[in-house]
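Order of listing sets the numbers, starting from 1, for every ligand and every atom in it. These numbers come from a predicted model, not from an experiment. Here, residue 1 is the first one in the sequence, and each next residue gets the next number.
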Amino acid sequence: MKVVDGLRFPFSEAPAPGTLIEVVPRLHWLRMPLPYALNHINLWVLDDGDGWTVVDTGLCTSETQGLWKQIFAVPLKDKPLLRVICTHFHPDHIGLAGWLAEKYQVPLWVTEKEIKAARTTFEQNENVMTPILTEHYSRAGLNDAIAQAVATRGNSYSRRVHRLPENVIIIDPSKPIEAAGKHWRVIIGEGHSPELAALYSEDLGVLISGDQVLPGISHNVSVRPTEPGMNPLAKFLGTLLRFSALPEDTFVLPSHKLPFYGLQLRVEQLIKHHHERLDVARKACRLGASVSDVLKIMFERDFDAHQLHFALGETLAHLNFLVATGEIEMVSDGELDLYHTLATAA
Ligand SMILES: [Zn+2]
């Protein structure tokens, strides 16, 4: 078994496009392409006996639709699709939920906060968002990036997500979900998205982790321009402990990269990573700094508009965390926000 950074990977290769690998009995792995640096998402198909449950769906692109058609025409042809479960509202996860739900007349299962975030983001109007984004970037000290960012982003969410379905079943996190002949406990992750539903089967020792616990890549934990005061990093780090409480030998099925063993170690690595990033942010604020100043120190590289949006969100997540712990304060003249280390915390 391949070992990288202490994590153990039983599969060295992912399934080819349009094909499935049965990773544990009645649970199949497939991949869909993404047009980003992170070029794929893992999806899961569970065999419910009389039909299939799909967990996550891929981006709304004709390429992904074509692959789904191929999958339902060949490896999944013997039984109907019964439902779609989405771990969270990000486009690579929920992008084709509406399309699958409509095409196969099945419900979408999703948590309440995730479907709400999906609908709100889907309906965001460019005319409303442009001034919000402009103020957000300008208070961060990123004036040069504003024009470019606003011009190129628009409502990128609704371009990547099919119209959301009406037929939605809200997941109650206190009740297990029955799939593939097993009970799956819903474990909620916060901070990466509002109410991410990870699924854990004690019988199988398997965790479908969504984006909450990924191997090898750091997670996007971001402050969104529409909610500038949020502290998602505290939520992310806090809810990670629900995952490290699972058994040592849990087999983790993440939404990106390869399935692995080593959940507790991965949680430790993630906590350490964010504490190192907090340390960089903390030091950057010693002499007073704008978000843009901190971002440059935290990332040390140039970004295109898309990446800049996420880097800004991530920088703010670390700054808001330090503001909440009382280590730094934010002083604003309404045009530019400046962050200072507080004397008592120095
Ligand atoms: Zn995500």
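For the Zn ion (ligand 1), the nearby protein N/O/S atoms, meaning those under 2.8 Å, are His88 NE2, His90 ND1, His192 NE2, Asp211 OD2.
Under the rule for a side chain to side chain contact (heavy atoms under 4.5 Å, CB included), the partners of Pro107 that lie at least two apart in sequence or sit in another chain are Arg83, Trp109, Asn167, Ile169. By the side chain to side chain contact (heavy atoms under 4.5 Å, CB included) test, Leu336 is found to be paired with Ser290, Asp333, Leu338, residues two or more places apart in sequence or in another chain being considered.
Between Asn220 and Ser222, the side chains place a donor N or O and an acceptor N or O closer than 3.5 Å (distance only, hydrogens not considered). With no hydrogens or angles considered, a side-chain donor-acceptor pair links Glu327 and Thr325 at under 3.5 Å.
Pairs passing the side-chain hydrogen bond (donor to acceptor under 3.5 Å, both in side chains) check and including a residue from residues 23-43, sequence neighbours excluded, read Trp29-Asn42, Arg31-His40, Arg31-Asn42, Tyr36-Arg160.
Phe89 has its side chain out of reach of Val161: every pair of non-hydrogen atoms, C-beta onward, lies at least 4.5 Å apart.
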